[in-house]
Amino acid sequence: IGLIYTLPKVIFAKKPHVVYSYGFSFIQTKLLWIYKYFFDFKLVKELNEYPLYFLSHNYFRRLLGKLSQPFDNKGLDAIVVISNFLKDYYAKYISSRTKVFILNMIVDLKRFDIIKTNVNELQIVYCGSFNNHKDGILYLIKGYSKFLKISNFKTKLYLIGKGNKSEEQNIDDLIEEEQIKDSVIKLGLIRKDDIPYYLINASVLILPRPDSIQAKAGFPTKLGEYLASSNPVIVSNVGEISSFLVDNLSCYFLSAVSDEEISIKLYDVFNDYDKASLIGKRGRLVAEKYFDSTNEANRLLSFFEKQLI
């Protein structure tokens, strides 16, 4: 309700050439669509995920999503997506006049220009969802347990994030079952400003994301922060990650998300850390080239100027 009264006032005062919407509902987007004919602006919507209602366990939510999708994004002047997969997917549901722009995942590289202070402890750091289907955290714990059995490296696994009650319990039970409680540290949710400290001080960063429709469509935003740290990164080869990274050159690719594969990659990193360190530095160069927030913002502004204004 507040949007009905607030938006026209803001738009009238600012008189924008472009209104960029993110996370707006169907009704909110349609309100903007109506307003644009009164205030003469271009309407752009960011669509960086596969529609979540299609992943719902609720039949009626999936049905409602299917019925509304053909109308969700009509009347837009442009959409902004994060992958070619989403570009092709949403092309079926937009007007032929609607422009499409692929905006890479972005990271503020300046946040990671800090000095590494940890020089003693070997830290394996995971930062992400505690949902195993989304980011494979249970595979990681099993893989780490196996790594401890096949190596003599004295390491700690740091888990940054939080899950629901069931997810937290599954993680705690697995850590107990694998008898690695002394080697795993659950940090929970931490402040955004503290994330660079933990990523910079890691020995290796890992993201064992299982293959799924979400992984194919999107791009893990946490990967940009991993690469910005200049530390070696182990990541599953899903979606369009391989368009930017090369195995054993700028990252370590998991050929499959399994405890066996994770343990092998962890061993590869620590067994030749000079090589791993070089791979981490190349990963930072990839982040600078493709994911720098300033560069991507300039690309987006250039698109607005050339295609919309």
Side-chain angles (χ1 to χ4, degrees), residues 20-24 46 48-49 80 82 103-131 134-137 140-141 144 155-165 167-168 171-172 175 183-209 214 218-236 241 244-245 250-251 269 276-277 279-301:
Y20 190 99
S21 68
Y22 172 77
F24 276 26
E46 185 175 309
N48 277 340
E49 286 187 305
V80 176
I82 202 169
L103 181 70
N104 293 333
M105 174 269 301
I106 59 173
V107 60
D108 182 357
L109 296 171
K110 298 186 190 69
R111 295 177 61 222
F112 294 85
D113 292 336
I114 58 177
I115 297 173
K116 188 168 189 168
T117 56
N118 170 44
V119 293
N120 299 315
E121 188 176 63
L122 299 178
Q123 298 180 0
I124 301 162
V125 175
Y126 166 87
C127 184
S129 169
F130 277 17
N131 182 312
K134 183 180 180 185
D135 282 340
I137 191 168
L140 168 58
I141 294 169
Y144 178 59
T155 61
K156 296 283 188 182
L157 173 62
Y158 285 77
L159 304 177
I160 301 172
K162 189 173 177 61
N164 59 36
K165 187 175 180 181
E167 291 164 350
E168 294 279 355
I171 290 169
D172 292 340
I175 292 171
S183 298
V184 181
I185 299 169
K186 289 174 65 182
L187 293 173
L189 293 175
I190 62 175
R191 294 189 319 117
K192 179 182 177 182
D193 290 344
D194 292 334
I195 287 177
Y197 169 82
Y198 286 99
L199 301 192
I200 288 288
N201 283 291
S203 305
V204 60
L205 300 153
I206 186 163
L207 186 62
R209 201 177 203 197
Q214 280 180 293
F219 198 99
T221 53
K222 193 57 62 182
L223 179 57
E225 295 186 331
Y226 277 17
L227 296 170
S229 73
S230 298
N231 287 318
V233 173
I234 299 172
V235 63
S236 43
I241 295 175
F244 302 94
L245 296 173
S250 51
C251 76
V269 168
S277 181
I279 287 174
K281 289 179 174 63
R282 293 197 195 105
R284 166 75 187 208
L285 294 177
V286 171
E288 291 174 358
K289 183 175 181 179
Y290 295 108
F291 307 132
D292 178 69
S293 57
T294 301
N295 293 341
E296 288 303 291
N298 287 335
R299 284 183 59 237
L300 184 60
L301 287 173

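- In this structure Y144 satisfies the side chain to side chain donor-acceptor pair (under 3.5 Å) test together with T155, sequence neighbours excluded.
- For E49, the CD atom is loosely surrounded, since the number of other residues' heavy atoms within 6.0 Å does not exceed 12.
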- What's the verdict on side chain to side chain contact (heavy atoms under 4.5 Å, CB included) for L122 and K156, showing C-alpha distance, side-chain angles and the deciding distance? CA-CA 6 Å; L122 299 178; K156 296 283 188 182; over 6 Å; no
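- The structure places CD1 of I234 at 7.5 Å from CD1 of I124, a figure rounded to the nearest 0.5 Å.
- Under the 4.5 Å side-chain criterion, counting only non-hydrogen atoms from C-beta, I82 is not in contact with N104.
- Listed by chain and number, the residues in a salt bridge (charged side-chain N to carboxylate O under 4.0 Å, His left out) with E168 are K186 (sequence neighbours excluded).
- Using modelled atom types, one side-chain atom of Y226 and one backbone atom of C127 make a donor-acceptor pair closer than 3.5 Å.
- Every residue meeting the side-chain contact (heavy atoms from CB on, under 4.5 Å) condition with A287, not counting sequence neighbours, appears here in chain and number order: L109, L227, F291.
- Enclosure of atom NZ in K116 by more than 12 non-hydrogen atoms of other residues, nucleotides or ligands within 6.0 angstrom is indicated.
- Side-chain N or O atoms of N201 include one that pairs as donor or acceptor with a backbone N or O of Y197 at under 3.5 Å.
- With 3.5 Å as the limit, one finds no donor-acceptor pair spanning the side chains of S203 and N231.
- Under the 4.5 Å side-chain criterion, counting only non-hydrogen atoms from C-beta, L159 is not in contact with I185.
- Residues E167 and N131 have side chains in contact (heavy-atom distance under 4.5 Å, counting atoms from C-beta outward).
- Taking OG of S129 as the reference point, atom NZ of K162 lies at 12.5 Å (rounded to 0.5 Å).
- When all heavy atoms of L207 and P220 are compared, the closest pair comes out as CD2-CB, 3.6 Å.
- Partners of N298 by side chain to side chain donor-acceptor pair (under 3.5 Å), not counting sequence neighbours: none found.
- E225 is linked by a side-chain contact (heavy atoms from CB on, under 4.5 Å) to V107, R111, F112, I195, L199, K222, counting only residues two or more places apart in sequence or in another chain.
- Residues I106 and D292 fail the side-chain proximity criterion, which asks for heavy atoms closer than 4.5 Å.
- Scanning both residues, L187 and Y158, for their nearest heavy atoms gives CD1-CD2, 3.7 Å.
- Taking each heavy atom of A202 and V125 in turn, the nearest pair found is CB-CG2, 3.5 Å.
- A heavy-atom distance below 4.5 Å is found between the side chains of Y20 and V80.
- Atom CD1 of I200 is separated from atom CD1 of I114 by 5.0 Å, given to the nearest 0.5 angstrom.
- A distance-only check finds a donor-acceptor pair linking the side chain of S236 to the backbone of R209 [under 3.5 Å].
- For the side-chain contact (heavy atoms from CB on, under 4.5 Å) with L223, the qualifying choice from V233, V286, L205 is V233, the only one to do so.
- Under the side chain to side chain donor-acceptor pair (under 3.5 Å) criterion, S277 pairs with K281, not counting sequence neighbours.
- Here the shortest heavy-atom pairing between V235 and C251 reads CG1-SG, 4.2 Å.
- Here the side chain of E46 pairs no donor or acceptor atom with the backbone of Y22 at under 3.5 angstrom.
- Looking only at distances, a side-chain donor or acceptor of D108 sits under 3.5 Å from a matching main-chain atom of K110.
- Here Y198 contributes atom OH and Q123 contributes atom CD; the two are 9.0 Å apart, rounded to the nearest 0.5 Å.
- Looking at heavy atoms from C-beta onward, I160 lies out of side-chain contact with Y126 at the 4.5 angstrom threshold.
- Using a cutoff of 4.0 Å between basic side-chain nitrogens and carboxylate oxygens, D113 and R284 are scored as salt-bridged.
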